[in-house]
Amino acid sequence: MTTVREAAFELFRRHGMTTIFGNPGSTELPMLAAFPEDFRYVLGLQEAVAVGMADGFAQASGKVTHVNLHTAPGVGNGVGAIFTARANKAPLLVTAGQQARRLITMQANLTNRDAVEVPKPYVKWSHEPPRAADVPFALAQAVHHATLPPAGPAFVSIPMDDWAAEVEPVDFSRQIARSTGGRARPGAAEIAELAARLRSAERPVFVAGPEIDASGGWDAAIELVERQRLPVWASPATGGHRIGFPENHRAFRGVLPPAVGPLGELLAEHDLVLVAGSSVFPYYPNIPGDLLAEGTELIAITSDPDEAARAPMGDAIVANVALTLQALVEELSEHPYREPPTPREPAERPEDGDPLSPGAVHATLAAMFPADGIVVLESPSSTPALRNQLRLSRPGSYYFSASGGLGFGLSAALGVQLAQPDRQVVCVLGEGSAQYAITAFWTAAAYAIPVKFLVLRNNEYSILKWFSTLENLSGAPGLELPGLDVAATAQSYGVPSATVSSRDQLQGALADALAREGPRLVQVDVAPGMALA
Ligand SMILES: Cc1ncc(C[n+]2csc(CCOP(=O)(O)OP(=O)(O)O)c2C)c(N)n1
């Protein structure tokens, strides 16, 4: 006979899930005891950090990733990060310990009451197996749910006495031998029709969404855009958790505004909008206007049926984004007469200012950014400035929280770096955002994860002040953040840190951080306010 524990670890092995993120409690010890040597456990000191690290690892490795949480309070701590992982379409197996079966009904201490209900709105599947012997099968199902499109988290609650129970080896072998694939091609007729609409459009435009990168459609998107001479916009930054098109390409125009009115107006000059790999659209905030101008048509390509169904306008093709773009490329040759778009201006270097402007900080970073570097970004009021100054242009170079939930950036950066050890991860944070996952600095130091952190300190929640003005709201408390020192905090967790205020100091500190091994942090004092360039 095989134990649940042996069966589960064999299942994890078969799926390449040998890195487990987590925060343990007594309900998880039976799973973790005698931890196999071919597995690696990455400890987060709070569950939101463990989930965020797993999210970054899953996205940057393209593999389903296991995060193990402590019973009810641990799952509760992790829920905000699970919500973000769902928005990011990160394939996660989320497991949590549960009280021993015979003690659940009497609600002994640590019982996770109605365990499957808590994460339910934010996971694709939530389950507590009815029998110990079902645990490996439930884990297998969760892995398939997590990876099939749209990818996302799936949850299994596991009573702590199940691990030692026995399973039928035959059933188990059948279950772990299964593989599932969801890279669906669009129908030939759909492709022919879309190609014809694209060919005959007068002023078409391409909107590049995060799923281009996640599906491996980067080269096909470039080929299609070049052949058809399309101008390109990135989908709004609000839901754009990855970059879908090289931002230094001559066809690239910029990042779409996220609110209904301005977005509709910007697209009004086009008769056909082809959206690839984005919802239509991750709107925010509520600035009313026309969703789309009279005379503008829209077609979206997405692997997510929910995105296709909930779009307020336009047609949709539900299929793998990369395969659909490749099929379009095969169908379409060079457009015979359309003019290629004129390249936009290079980014202007904003005035340094005193304190430094966020744009000047990002221009400084851009000048020394490693060619194959990766940015993990959570610096809300400087997001547009970073996108404009860095103009990232390689696949897998950018990760951002699609849900808007903070705490993703700092933790995900560690997961991304673990998944991509040969590329330098630079994590750009606001000092307010850093607080939501502050204990991740300990993991960075303890596991020598060589992320370089750049923290912009403006002593306030700048973006919330900007939103207040935009929405004509005044008098809100709680928008000032005096006296935070992320450098001192990170240093106390073991990450060598520096604080700078001038451009020369910033240049020196960044160069030093990039040249050294291990994690390093540079905190820079910046002027408050929204930075658009
Ligand atoms: C979990 C979570 N709590 C609260 C918010 C609301 N929120 C959005 S941006 C922001 C300010 C972040 O501050 P900081 O990182 O200093 O960035 P700045 O706005 O100053 O650029 C807050 C609190 C959120 N998005 N997520």
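Position 1 is the first residue of the sequence; numbering continues from there. Atoms within each ligand, like the ligands themselves, are counted from 1 in listed order.
Note on ligand 1: Gly80 sits outside its first shell, no heavy atom being nearer than 4.0 Å.
Under 4.0 Å from ligand 1, the heavy atoms of Leu464 that appear belong solely to its side chain.
Looking only at protein heavy atoms, the nearest one to atom 17 (O) of ligand 1 is Pro380 CD, 3.4 Å. Counting protein heavy atoms only, atom 13 (O) of ligand 1 is closest to Tyr461 CD2, 3.2 Å. The nearest protein atom to atom 6 (C) of ligand 1, hydrogens excluded, is given as Leu406 CD1, 4.4 Å; this is a heavy-atom distance.
Taking distance alone, with nitrogen or oxygen atoms compared against 3.5 Å, Ser462 approaches ligand 1 more closely than that limit. An N or O contact shorter than 3.5 Å links Ser381 to ligand 1 by distance. At least one N or O atom of Gly432, backbone or side chain, sits closer than 3.5 Å to an N or O atom of ligand 1. Of the N or O atoms in Gly405, none lie within a sub-3.5 Å distance of an N or O in ligand 1. For Glu431, a nitrogen or oxygen atom sits less than 3.5 Å from a nitrogen or oxygen atom of ligand 1, counting backbone and side chain alike. Any N or O atom pair closer than 3.5 Å counts here, and Ser382 shares no such pair with ligand 1.
When each atom of ligand 1 is checked for a heavy atom of Tyr436 under 4.0 Å away, the hits are 1 (C), 2 (C), 3 (N), 4 (C), 23 (C). Close approach of ligand 1 to Asn458 (heavy-atom distance below 4.0 Å) involves ligand atoms 18 (P), 20 (O), 21 (O). Residue Gly404 approaches ligand 1 through these ligand atoms, each under 4.0 Å from one of its heavy atoms: 24 (C), 25 (N), 26 (N). Near Ile463, with a cut-off below 4.0 Å to any heavy atom, the atoms of ligand 1 are 9 (S), 19 (O).
His66 has its ring centre less than 6.0 Å from the ring centre of Phe12. In summary, the aromatic rings of Phe467 and Tyr461 are positioned with their centroids too far apart to meet the 6.0 Å limit.
When only modelled atom types and interatomic distance are considered, Gln523 and Asp485 share a side-chain donor-acceptor pair under 3.5 Å. Thr27 and His70 are linked by a side-chain donor-acceptor pair at a separation below 3.5 angstrom, with hydrogens and angles left out of the test. In summary, the side chains of Thr364 and Arg349 do present a donor paired with an acceptor at a separation below 3.5 Å, with no hydrogens or angles considered.
Without hydrogens or angle criteria, Glu247 side chain to Leu390 main chain gives no donor-acceptor distance under 3.5 Å. Here the side chain of Arg457 pairs a donor or acceptor atom with the backbone of Leu484 at under 3.5 angstrom. With hydrogens and angles ignored, the 3.5 Å screen pairs a side-chain donor or acceptor of Thr469 with a backbone N or O of Lys465. Looking at Gln420, its side chain never comes within 3.5 Å of a backbone N or O of Asp422 through a donor-acceptor pair. Using modelled atom types, one side-chain atom of Gln99 and one backbone atom of Asn109 make a donor-acceptor pair closer than 3.5 Å.
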